[in-house]
2 protein chains.
Amino acid sequence: MSPSSATGAGSPAGPGPAASADTGRVTGRSLAKASRRAALLSAAAKLFAERGFNGVSIEDLGSAAGVSGPAVYRHFSSKHAVLSALLTGVSQDLLDGGQAVVENSPGPEEALRGLIEFQVDFALRNPDVIRVHDRDLDSLPPEDSQAVRALQRAYVEVWVAVLSRVLPGQEPARLRVRAHAAFGLINSTPHITHRGKPVRDKIWRRNLLEQMAWAALKAE
Amino acid sequence: MSPSSATGAGSPAGPGPAASADTGRVTGRSLAKASRRAALLSAAAKLFAERGFNGVSIEDLGSAAGVSGPAVYRHFSSKHAVLSALLTGVSQDLLDGGQAVVENSPGPEEALRGLIEFQVDFALRNPDVIRVHDRDLDSLPPEDSQAVRALQRAYVEVWVAVLSRVLPGQEPARLRVRAHAAFGLINSTPHITHRGKPVRDKIWRRNLLEQMAWAALKAE
DNA sequence: AATTCAGGTTAGTGCTCGTTAACCGAATTG
DNA sequence: CAATTCGGTTAACGAGCACTAACCTGAATT
């Protein structure tokens with residue numbers, strides 16, 4: 001429930017042993033398995049955010065999800081695969097969500113507003129995943145991180161495309177810096193959240209971040 | 001040379017074995033030692049930024065500084081002590097620099113401009129240290145990280161004090177969120193810098209970040 | 001009801017890595 | 001010029017950990 005795509009987008013993303021002999025049949029076991037997988041990803045988000053990828057052992061991960069140790073390998077082929085599934089899921093969610101926002105917007109200004117609201121909402125709702133993303137992406141083997149980076153780049157390009165219509169005539173390189181700066185601004189909240197204690201979702205925080213992001217993006 | 005306070009602020013900060021029998025005498029050996037220590041901190045900044053604290057071994061660290069393995073323990077009491085010295089140094093530099101900027105400013109508006117320029121300059125010059133700071137601060141044992149966090153908090157308060165004069169009547173909590181958001185915006189550049197390749201210091205990037213930060217901080 | 005199979009368990013296994021031990025040679029010191 | 005300190009070396013130790021092996025049990029299948 002807490003991590004966005006723990007079950008949904010995660011399943012096709014993770015090429016774990018779970019995909020073997022998938023008959024499509026909905027049995028009691030398959031449900032239990034899906035929920036285990038979701039619990040593992042949720043625990044991974046929390047633990048990786050707290051201690052970093054290398055600071056969490058497979059044993060930690062399993063026991064946080066109610067099983068212990070090597071049972072994790074019934075759901076993921078390796079420890080890296082857990083991180084990969086987590087980051088791929090979140091990146092895919094962001095890309096899908098961003099594209100949907102733009103498609104449902106009547107014009108560029110509304111699209112930019114929508115993107116800002118979407119990103120702020122996401123950052124405030126999933127601080128753990130945000131933190132893992134820009135902390136441990138480099139902990140992945142190159143081939144895995146490339147997939148995540150590709151999704152991430154595509155998401156940035158969604159923003160750049162909108163920005164190029166809001167600020168016509170600006171070079172793409174400048175717009176890309178603008179987009180990254182906005183992400184940094186919006187994603188700054190996980191740095192405030194004191195480890196472990198969830199920050200109450202004050203409305204004024206959401207509004208303040210949106211206004212600052214808007215002002216920064218339209219500056220000059 | 002590249003990390004700001006490798007030798008200067010690091011010496012009183014790191015309670016390593018180097019402090020023993022410090023006669024103040026400037027001998028050939030002590031100079032060599034200081035430069036070794038600086039080289040170690042510089043290598044640490046680079047390596048920790050690339051692979052994360054837990055992804056770098058003592059052997060890696062030593063050999064990157066021209067010595068190999070356990071020689072590191074002649075300069076630091078532990079691997080954590082290296083990270084601690086690095087982060088303490090940079091946090092102290094930021095605090096000192098920020099205070100100096102404010103003291104030399106005629107008014108709050110100029111002080112805020114000065115702080116922004118200072119932070120942008122620092123972030124563009126030391127992307128490695130920035131990255132290590134908000135990635136591996138939690139890798140420290142609690143007692144060490146508290147010292148760094150105290151310096152960090154003090155630096156934030158310098159910003160908040162200035163902001164409270166630029167935006168009178170705003171609650172401190174709101175100003176603190178503003179300050180953190182500005183840091184996130186300004187420090188976003190390390191996320192663009194592609195691992196290993198140094199980003200050319202384009203002037204427009206510096207100006208753009210300053211304008212965005214200014215607009216964001218004065219928004220609403 | 002018999003059989004298969006998938007998801008769980010508890011023991012290893014081999015490797016990495018932080019740290020210490022023991023020793024060495026040169027710069028510093030008296 | 002002897003004595004000593006100190007920064008460096010290589011060797012070894014011990015812990016932690018990702019991953020594998022062997023086995024067990026109960027749901028799914030026929």
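Just so it is clear: chains get the letters A, B, ... in the order the sequence lines come, proteins before strands, and each one is counted from 1. Here the structure is a predicted model, which is why all the values come from computation and not from measurement.
In this structure, the CG atom of A:Asp60 is 7 Å from the P atom of D:dC17, given to the nearest Å. As rounded to whole Å, 11 Å separates atom C1' of D:dT5 from atom NZ of B:Lys33. Rounded to an integer number of Å, the gap from CZ of A:Phe76 to C1' of D:dT20 is 19 Å. In this structure, the CG atom of B:Leu40 is 12 Å from the P atom of D:dG7, given to the nearest Å. Taking atom CG on B:Leu61 and atom P on C:dG18, their separation rounds to 9 Å, with Å as the unit. Computed from coordinates, the A:Phe53 CZ to D:dC17 C1' distance equals 12 Å when rounded to whole Å. Whole-Å rounding puts the A:His80 NE2 to D:dC17 P distance at 15 Å. Atom CD in B:Glu59 sits about 15 Å away from atom C1' in D:dA12, given to the nearest Å.
OP1 and OP2 of D:dT9 both lie 4.0 Å or more from every side-chain N or O belonging to B:Arg74. Applying the 4.0 Å criterion to OP1 and OP2 of C:dG8, one finds that A:His75 has a side-chain N or O inside that range.
Using a 4.0 Å cut-off between charged nitrogen and carboxylate oxygen, A:Arg131 and B:Asp134 do not count as a salt-bridge pair. A salt bridge is defined here as a Lys NZ or Arg NE, NH1 or NH2 lying under 4.0 Å from an Asp or Glu carboxylate O, and B:Arg51 with A:Asp138 fails to meet this definition.
Residues A:Val120 and A:Ile116 are in side-chain contact: their nearest non-hydrogen atoms beyond the backbone lie under 4.5 Å apart.
Which of D:dC19, C:dG18, D:dT9 sits closest to the side chain of A:Ser78 comes down to D:dC19. Distances from the side chain of A:Tyr73 to the nucleotides C:dT9, D:dG8, D:dT20 place D:dT20 closest.
Heavy-atom distances to DNA chain C give each of A:Pro70 and B:Ile58 a nearest nucleotide, and the one nearer the 5′ end belongs to A:Pro70.
Side-chain atoms of B:Arg29 come within donor-acceptor range of the base of C:dA27, with a qualifying N/O pair under 3.5 Å.
Taking the six-membered ring for Trp and thresholds of 30 and 60 degrees, B:Phe183 and B:Trp159 have ring planes more than 60 degrees apart, a perpendicular arrangement. Using cut-offs of 30° and 60° on the angle between ring planes, the pair B:His80 and B:Phe53 is parallel.
If you check every strand for non-hydrogen atoms under 4.0 Å, B:Val72 touches nothing.
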